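Note that the structure is predicted; figures quoted are calculated from it, not measured. Residue numbers run from 1 in the order of the sequence given. Quick note: numbers below take in every heavy atom, side chains included, and nothing from hydrogens, waters or symmetry partners.
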Amino acid sequence: MSGPNGEPQVPAGNVGRGEEGDDDGFGEAEYAAINSMLDQINSCLDHLEEKNDHLHARLKELLESNRQTRLDFQQQMSQGENMQADAQGPQPDI
């Protein structure tokens, strides 16, 4: 099975033992495994960012739609009040 960049996934079974006897305890295979894991994490984060951007755009659309609906409703209410006031005629001063 290959990683997100087409690189082969290397199991991290020997992490810490060092295949080449390096002082840091990590060999080529361990670095390749870590790199593959980081690539997978990066891919997941990219996917989450895309989903977040999509949700943000949809929420902006919803907010704009709700704002327009509210304005239309307020306009209809004010027109209804004006029509009702016109139908009742002038109010006598008390």
K.L.:
Which pairs with one or both residues in residues 55-65 pass side chain to side chain donor-acceptor pair (under 3.5 Å), sequence neighbours excluded?
P.N.:
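Of all non-adjacent pairs touching residues 55-65, those that pass side chain to side chain donor-acceptor pair (under 3.5 Å) are E64-R67.
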K.L.:
Mind checking the CG-CG spacing from L45 to N52? Nearest 0.5 Å is all I need.
P.N.:
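If we round to the nearest 0.5 Å, L45:CG and N52:CG are 11.5 Å apart.
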K.L.:
As an exercise, state the distance from CG of L62 to CG of L55, rounded to the nearest 0.5 Å.
P.N.:
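Rounded to the nearest 0.5 Å, the CG-CG separation comes out at 11.5 Å.
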K.L.:
Show the nearest heavy-atom pair for residues G27 and E30, with the distance to one decimal.
P.N.:
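Looking at all heavy atoms of both residues, the closest pair is N-OE1, 2.8 Å.
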K.L.:
Taking atom CG of L48 and atom CG of D53, what is their separation to the nearest 0.5 Å?
P.N.:
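Separation between the atoms: 11.0 Å.
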K.L.:
From the options E49, H47, H54, select the one residue that forms a side-chain contact (heavy atoms from CB on, under 4.5 Å) with K51.
P.N.:
H47
K.L.:
Measuring from L59:CG to L63:CG, what's the distance to the nearest 0.5 Å?
P.N.:
6.5 Å
K.L.:
Regarding D72 and Q76, do their side chains bring together a donor and an acceptor under 3.5 Å, going by distance alone?
P.N.:
no
